[in-house]
Amino acid sequence: MRRRVRTGVVILLLFVLLGGAGYVGWVLVQRSEPVSLPEPTGTFQVGRRTYEWTDSARRDPFADGPRRLAVWVWYPVAKGTTGQHVAYAPDQWSGMHLKAPVSVFQGPFDTLQDRALDRVAIAPGKFPVVVLMPGMGLSAPMYAALAEDLASHGYLVAGVTPTYSATLTVLGGEPVTSKPDANPPNLGDNNEGAQQAGDHLVGIWAADARFAAGMVAKTLANSVEPAVGPAYVGHSFGGAASLEACRLDQRCAAAVDLDGYQFGDVVQKGVKAPMLLLGADDSCITSVCGPDAKNDNDRNRALSLLKASTGTSWCATVPGTRHFNFTDYGVYYLAYPLRRFLPLGSADPRHALTVTSGYLNTFLSHVIYKTAVPGAPVCKS
């Protein structure tokens, strides 16, 4: 009897091992298939250039010397322009990929086809500047889908990767990883220590955003619309930084917070410019909790922000989304069980990005070009 039980267990284990090996083999085949970023919805083609800028007026709080930043700029390109398409994550930027062993369940970046053209000429004309800030630990290139769609609608989009806060940035061709002081693990905790850490860091990120806006205006002066100040857009902690940057920048045209818990003085002092708060189903960052929210820790701060702000405020929740639906994780090939353990909602990931881009473009067009928006999602406070 025992021999038969042992034999049955061995056979069962063999089936499990063979099934697991077969599934991994299937994943390896699937992840090698090309995947494309979404087609931009605007009238322009899109180009991309990368820069490394040094803020000589500001000492880096996490290293010796001035603050250095890697900034990627996506911009409008005239229809019919030809050129080489950019690599989604060139050279050392490929380190943004998840690490082994879970990396086998994510598609490689070299099979991700990017729509942008490499360093081609900017379209004739003058365009508003949009500064795009990533979530804590993430890098600006991981928002290419949103950035390229904005650029196709006629914006100069500067994606900033905050040095030492991002898990990876690249400066001088070398990877630069995060530091605990710049990327504290407790930012999501509901306690005074986490609040103080976030309030301190958001000022550094806001200074990064404002510096990048100034450098775009200087570097691409012939293509920048001088009559319109920069708009600040950010996801997660980058959303909080965008709000704070807008508060500090007298020329700020607009601020957008994509599912970001708010930090800094802006919570009490508000912003004067128009503002869009766009949340996921499981958050309360718009002051109204989504249907999947487990707690309302972020609700009171959003209410304070809205009450203190004097500009027009829009608030909306993207149905079926979670925190990573505002990033390019909605485009990457992600096999089970990896996708299940990432904060991605039930909505089709590409559709969620399309909806987010729609809100961004509609809001910025209304604010900057005064286009009418019937039934705009005005915030409740």
Side-chain angles (χ1 to χ4, degrees), residues 48-75 89-93 95-96 119 129-143 147 156-184 187 196-224 229-252 255 263-266:
R48 193 188 79 194
R49 300 177 186 179
T50 60
Y51 298 93
E52 292 179 13
W53 289 330
T54 299
D55 187 352
S56 57
R58 188 163 53 112
R59 186 175 182 82
D60 195 313
F62 310 112
D64 292 333
R67 183 75 164 159
R68 298 172 63 207
L69 293 169
V71 181
W72 289 28
V73 178
W74 293 267
Y75 53 88
D91 304 321
Q92 297 294 334
W93 288 100
M96 297 185 300
R119 293 172 291 181
V129 174
V130 174
V131 178
L132 179 61
M133 302 296 290
M136 180 62 71
L138 302 180
S139 304
M142 303 171 88
Y143 296 82
L156 301 169
V157 184
V160 181
T161 300
T163 312
Y164 303 117
S165 290
T167 302
L168 175 78
T169 189
V170 178
L171 293 169
E174 297 297 326
V176 179
T177 55
S178 63
K179 293 184 177 183
D181 288 348
N183 186 348
L187 274 185
Q196 290 176 348
D199 288 345
H200 171 67
L201 271 175
V202 82
I204 298 169
W205 281 43
D208 289 345
R210 295 180 63 200
F211 170 69
M215 287 301 295
V216 172
K218 179 179 179 180
T219 307
L220 304 177
N222 292 334
S223 299
V224 173
Y232 296 97
V233 177
H235 170 241
S236 191
F237 194 77
S242 294
L243 294 170
E244 181 68 2
C246 186
R247 181 186 74 84
L248 294 167
D249 187 344
Q250 295 298 315
R251 296 192 68 243
C252 174
F263 288 95
D265 288 345
V266 71

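Since we're looking at a predicted model, the values are computed, not measured. For the numbers below, each heavy atom of this structure counts, side chains included, while hydrogens, waters and symmetry mates do not. One is the number of the first residue; the rest follow in order along the sequence.
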Looking at every heavy atom in both [X] and [Y], which two are closest together, and how far apart are they?
X	Y	result
M136	L201	CE-CD1, 4.0 Å
K179	A63	NZ-CB, 4.2 Å
E52	G173	OE2-N, 4.1 Å
A147	L132	CB-CD2, 3.9 Å
T161	A166	CG2-CB, 3.4 Å
W74	A140	CH2-O, 3.9 Å

Rounded to the nearest 0.5 Å, what separates atom [atom1] in [X] from atom [atom2] in [Y]?
X	Y	atom1	atom2	answer
D199	E244	CG	CD	8.5 Å
R48	Y75	CZ	OH	10.0 Å
T219	Y51	OG1	OH	6.0 Å
L138	N183	CG	CG	9.5 Å
H235	Y143	NE2	OH	4.5 Å

Salt-bridge criterion met for R68 and D55 (N-O under 4.0 Å) | no
Any side-chain donor paired with an acceptor under 3.5 Å for W205 and S165?
->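 Per modelled atom types, W205 and S165 side chains form a pair under 3.5 Å.
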Under 3.5 Å, side chain of Q92 to main-chain N/O of E174, donor-acceptor pair present?
-> no
Without swapping roles, check the side chain of S178 against the backbone of T167 for a donor-acceptor pair under 3.5 Å.
-> no
Residues forming a side-chain contact (heavy atoms from CB on, under 4.5 Å) with A207, sequence neighbours excluded | R58
List in chain and number order the residues that pass side-chain contact (heavy atoms from CB on, under 4.5 Å) with T163, two or more places apart in sequence or in another chain; answer none if no residue qualifies.
-> R67, L69, T169, L171, V176
Apply the test side chain to side chain contact (heavy atoms under 4.5 Å, CB included) to residues S139 and W93: give CA-CA distance (whole Å), side-chain angles for both, the deciding distance (0.1 Å), then the verdict.
-> CA-CA 9 Å; S139 304; W93 288 100; 4.1 Å; yes
Is W53 close to V216 at the side-chain level, that is, under 4.5 Å between some pair of heavy atoms?
-> yes
For the residue pair P134 and P162, establish whether any side-chain heavy-atom pair is separated by less than 4.5 Å.
->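 Yes, side chains in contact.
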Sole residue of V224, D249, V130, L156 in side-chain contact (heavy atoms from CB on, under 4.5 Å) with P230 |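 Testing each of V224, D249, V130, L156 against P230, the sole residue satisfying side-chain contact (heavy atoms from CB on, under 4.5 Å) is D249.
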Should the pair F237 and F263 be assigned to parallel (<30°), tilted (30 to 60°) or perpendicular (>60°) ring geometry?
->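 Taking F263 first and then F237, their aromatic rings sit tilted (interplane angle of 30° to 60°).
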Take R210 and Y232 through the side chain to side chain contact (heavy atoms under 4.5 Å, CB included) test and state the conclusion after the steps.
-> CA-CA 9 Å; R210 295 180 63 200; Y232 296 97; 3.6 Å; yes
Apply the test side-chain hydrogen bond (donor to acceptor under 3.5 Å, both in side chains) to residues Y164 and D60: give CA-CA distance (whole Å), side-chain angles for both, the deciding distance (0.1 Å), then the verdict.
-> CA-CA 10 Å; Y164 303 117; D60 195 313; 5.1 Å; no
